[in-house]
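Note that the structure is a prediction, hence the values are computed from the model and not measured.
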Amino acid sequence: MATREPPKLEYPCAYPIKVVGEHSDDFASVIIAIVQRHDPALRAESVTSRASSNGRYVSLGITIIAQGPEHIAALHADLRASGRVQIVL
């Protein structure tokens with residue numbers, strides 16, 4: 001059985017990420033500030049928010065304009081280094 005390669009991305013491109021962390025009043029603003037350092041053109045309509053069923057966690061769906069794989073890796077590293085993020089997808 002042959003393994004399939006993931007599709008190759010052509011940069012720059014719209015690239016969706018999901019960031020999950022514990023719910024707090026400033027979680028979204030902290031995460032958005034980190035993302036804006038990597039994508040200054042980030043628009044409010046590119047961000048969605050959803051609380052978990054028990055309200056303990058919140059997930060942010062954010063679509064950035066990725067410039068390349070290094071750009072995505074740097075963003076993921078900064079998000080994880082914030083100490084506020086449980087998962088980055």
What distance separates [X] [atom1] from [Y] [atom2], expressed to the nearest 0.5 Å?
| X | Y | atom1 | atom2 | value |
| --- | --- | --- | --- | --- |
| S24 | R84 | OG | CZ | 4.0 Å |
| H23 | S59 | NE2 | OG | 11.0 Å |
| R50 | L60 | CZ | CG | 12.5 Å |

Least distance between heavy atoms, V20 atom then F27 atom: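 Here V20 and F27 meet closest at C-CZ, 4.0 Å.
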Least distance between heavy atoms, G21 atom then Q86 atom: CA-CG, 3.8 Å
H71 side-chain N/O to H38 backbone N/O, donor-acceptor pair under 3.5 Å: yes
D39 side chain vs I64 backbone, donor-acceptor pair below 3.5 Å: no
Determine, using the 4.5 Å side-chain heavy-atom cutoff (strictly less than), whether [X] and [Y] are members of one ILVMFWY cluster.
| X | Y | result |
| --- | --- | --- |
| Y57 | V19 | no |
| V47 | I65 | no |
| Y11 | L42 | yes |

Side chain to side chain contact (heavy atoms under 4.5 Å, CB included) evaluation trace for K18 with I87: CA-CA 8 Å; K18 183 176 276 191; I87 300 171; over 6 Å; no
Derivation of the side chain to side chain contact (heavy atoms under 4.5 Å, CB included) call for R80 and V88: CA-CA 8 Å; R80 284 191 302 268; V88 180; 4.3 Å; yes
Option passing side-chain contact (heavy atoms from CB on, under 4.5 Å) with L79 (candidates I31, V30, I62): I31
Verdict with reasoning, T63 to Y15, per side chain to side chain contact (heavy atoms under 4.5 Å, CB included): CA-CA 5 Å; T63 301; Y15 188 87; 5.9 Å; no
L75 side chain reached by V35 side chain, heavy atoms, under 4.5 Å: yes
